[in-house]
Amino acid sequence: MARNGALIPESKEKLESLKSEVASSLNVDLKQGYNGDLTSREAGSVGGEMVKRMIAYAQNNMSSSSSSMMR
């Protein structure tokens with residue numbers, strides 16, 4: 001497994017887009033580049049919400065793909 005690089009190059013762009021979307025919805029002022037001035041609570045809330053959304057996305061896609069396999 002790649003630790004320093006993405007296995008899927010496009011994933012980095014998608015994750016950055018998701019991070020911006022989540023930060024905006026949580027009213028966290030996320031800037032391009034360095035964001036070391038964020039509080040731990042702000043950074044954690046953005047990361048936690050990203051994980052929630054990715055899990056929900058995976059569950060929705062797994063349930064729709066498994067139901068189509070059952071047919």
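Below, all heavy atoms of this structure are taken into account, side chains as well, without hydrogens, waters or symmetry copies.
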Check [X] against [Y] and note the closest heavy-atom contact, atom names and distance.
| X | Y | result |
| --- | --- | --- |
| V28 | L38 | CG1-CD2, 3.7 Å |
| P9 | L7 | CD-O, 3.7 Å |
| L26 | S45 | CD1-O, 3.5 Å |
| M50 | L15 | CE-O, 3.8 Å |

**Asked** If we only count heavy atoms from C-beta on, is the K14 to I8 side-chain gap below 4.5 Å?
**Response** no
**Request:** Say whether, by atom type as modelled, one donor and one acceptor occur between the side chain of S20 and the main chain of E16 under 3.5 angstrom.
**Result:**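 Yes, the answer is positive, given that a donor and an acceptor are paired below the 3.5 Å cut-off.
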**Message:** Could you go through K19 and N35, starting from their C-alpha distance and side-chain angles, then the distance that decides it, and tell me whether this counts as side-chain contact (heavy atoms from CB on, under 4.5 Å)?
**Reply:** CA-CA 12 Å; K19 182 168 47 172; N35 283 290; 5.9 Å; no
**Request:** Check the hydrophobic clustering (I, L, V, M, F, W, Y; side-chain heavy atoms under 4.5 Å; chains of links allowed) and say if L30 and M54 are grouped together.
**Result:** yes
**Prompt:** Rounded to the nearest 0.5 Å, what separation is found between the OG atom of S24 and the CG atom of D29?
**Reply:**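 The distance works out to 10.0 Å.
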**Message:** Show me the pairs that pass salt bridge (charged side-chain N to carboxylate O under 4.0 Å, His left out) and involve residues 42-56, at least two apart or across chains.
**Reply:**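 Salt bridge (charged side-chain N to carboxylate O under 4.0 Å, His left out) check on residues 42-56 returns E21-R53, E49-R53.
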